[in-house]
Amino acid sequence: MSTLIRLRSGATLDRTIDDYDRSRPAIRRRRLRSVCYAPFLSMDFDATGAIRLCNHSHSEVAQMGPATSVIDVWRGAVYQRYREEMRAYVLDEHNCKHCVRQCAAGPGSHVFATEQFDGSANDDPTPAYPKRLIFRLNSTCNLACVMCDGLTSSRIRRERDRHPLMPSAYGERFFQEMEEILPHVEHIEFYGGEPFLVKEHVRIFEILAKVGARCTIYVNTNAVSLHPRAKQYLETLNFKTIAVSMDAVHPELHAEVRGGLRSDLFYDNVDYLLSLRDRRGLAVMLNVTEHRKNWFELPEVFRFAERKGVYLHINTCIHPHNVTLYTLPTAQCRYVLDYFERQRGALLDEYPRFSNLANFDFLISLVRAEIASRGPDWRPVMTNLNVATDGLLAAPRPGVRPFHTPDAVAGEVERIRRMLDPDTAARLLRDMLGRLRALAHVDEWRAVARTTERAIGARHQSASA
């Protein structure tokens, strides 16, 4: 019997090492086998000065200070412990909770560790330099997204949290060491905040040009901050992948999820990036975060990706508690799962060669695994935030046709009534009613609006609708 993947606590995952590795074709040529290659390859530097294994780590390996040597951290005891554990297929369930969830839910090919690190795997058990660097050196950002916090967005820190901005944790020694390290690096990634607004990132861009580093570059951008200097870097440095954060197609919802976003500028810049793809041969992809505010819109984002011919990656949102899908009551999770499964069929009808089907199936598997993992004592996470934002209120925006036909809407009304508790059903139906009223000048839609009003016990108001 094959050995199960273990956790640092001594618990095991319901997934064998053999099963996990079978879905990881890139490691078949490796002499050194590991559940994750991050500690052999990667260093992540965040806005607080924390050094981590990767950009989904939840624990720091070290903290930057004026005397901190990045090279000493890389060659030190904490990194070595992770290397030994990973070679034994042991995951730190606290630090690696993102991948633990994904590994338990679906095939190994969709686990973040596999996607990010298998292709650059290192057979040296004690490498002298990292091969991959991840920079989030400051939280400077022009947006305030619902799934972010003051550590990842300076705008949230300033406007929502009312806290002073964080001072930079990165001094001259850090940038001097980067001049030594970067020539050995094969790949670097920039996140934010918004990467092109972070002055420390500009310093790294300048060092890359100075030392003639040929490492490939990945950047995750919100696509509304492509100022002329940013476009100069995109045109001259060795960028290979531009990942665009996109959580909705409809402008109103997109701006609601990503506070401060200008939809017209976003789509203009996406067109620029697609032209850059065609001219320079780099990849453009979408990073999509699934949560309570946009789950109903995700099929539309997949449709957008198909029309543009781009790869779509799902970022798993597990916090904040009032934003993630995975703290919702089980009946509400089942409703979301039912919606995704029905939309899967519709997408296949529209796109018989649906290029992002595996990623849509992975999205489905995350919700299905969450439901399956809940025991009889499981309870939804309650927060002290506004109740209107704390449950399943995510339905298409007012004025947007929610389904293709009135019959489809009538069927959805019945499904909501059947699957959800009365309070949630009433809230969701009221949101649908708001949209239907914008279509009520058409007789067939007016009739559906009346049915929806009756379903929530509202008074007959079709004349005003």
| Within 45° of the six-membered ring axis of Phe360 and under 6.0 Å from that ring's centre, is NZ or CZ of Arg303 located there? | no
| request: Please work out whether the ring planes of Phe205 and Tyr233 are parallel, tilted or perpendicular, with thresholds of 30° and 60°. | output: tilted
| query | After noting the C-alpha distance and the side-chain angles of Leu234 and Phe196, does the key distance pass the side-chain contact (heavy atoms from CB on, under 4.5 Å) rule? | reply | CA-CA 10 Å; Leu234 287 168; Phe196 290 117; 3.9 Å; yes
| task | Fit a plane to each ring of Phe190 and His201, take the angle between them on a 0 to 90° scale, and name the class: parallel (under 30°), tilted (30 to 60°) or perpendicular (over 60°). | result | perpendicular
| query | Within 45 degrees of the axis of the six-membered ring of Tyr272 and under 6.0 Å from its centre: does Lys231 put its NZ or CZ there? | reply | yes
| message | Tell me whether the rings of Phe112 and His98 are parallel (<30°), tilted (30 to 60°) or perpendicular (>60°). | response | perpendicular
| task | Go through the steps to decide whether Asn95 and Tyr82 satisfy the test side chain to side chain donor-acceptor pair (under 3.5 Å), and finish with yes or no. | result | CA-CA 11 Å; Asn95 187 30; Tyr82 272 108; 3.2 Å; yes
| query | Looking at CD of Glu60 and CG of Asp46, how far apart are the two atoms once the value is rounded to the nearest 0.5 Å? | reply | 8.0 Å
| field | Side-chain touch Ser355/Tyr311, heavy atoms, less than 4.5 angstrom | value | no
| If we only count heavy atoms from C-beta on, is the Tyr218 to Phe239 side-chain gap below 4.5 Å? | no
| Is it true that the side chains of Asn55 and Glu189 contain a donor and an acceptor less than 3.5 Å apart? | no
| remark: Contacts satisfying side chain to side chain donor-acceptor pair (under 3.5 Å) that involve residues 34-44 (not counting sequence neighbours) are Asp44-Arg136
| Non-neighbouring partners of Asp271 that pass side chain to side chain donor-acceptor pair (under 3.5 Å), sequence neighbours left out | none
| Student check: side-chain heavy atoms of Val90 and Val35 closer than 4.5 Å | no
| Contacts of Arg368 that satisfy side chain to side chain donor-acceptor pair (under 3.5 Å) - sequence neighbours left out | Glu341
| task | Using the side-chain contact (heavy atoms from CB on, under 4.5 Å) rule, take Arg132 and Ile188 through it: C-alpha gap first, then chi angles, then the decisive distance, then the call. | result | CA-CA 5 Å; Arg132 297 169 66 93; Ile188 60 177; over 6 Å; no
| request: With Arg101 as the cation and Tyr326 as the aromatic partner, state whether NZ or CZ is under 6.0 Å from the six-membered ring centre and within 45° of the axis. | output: yes
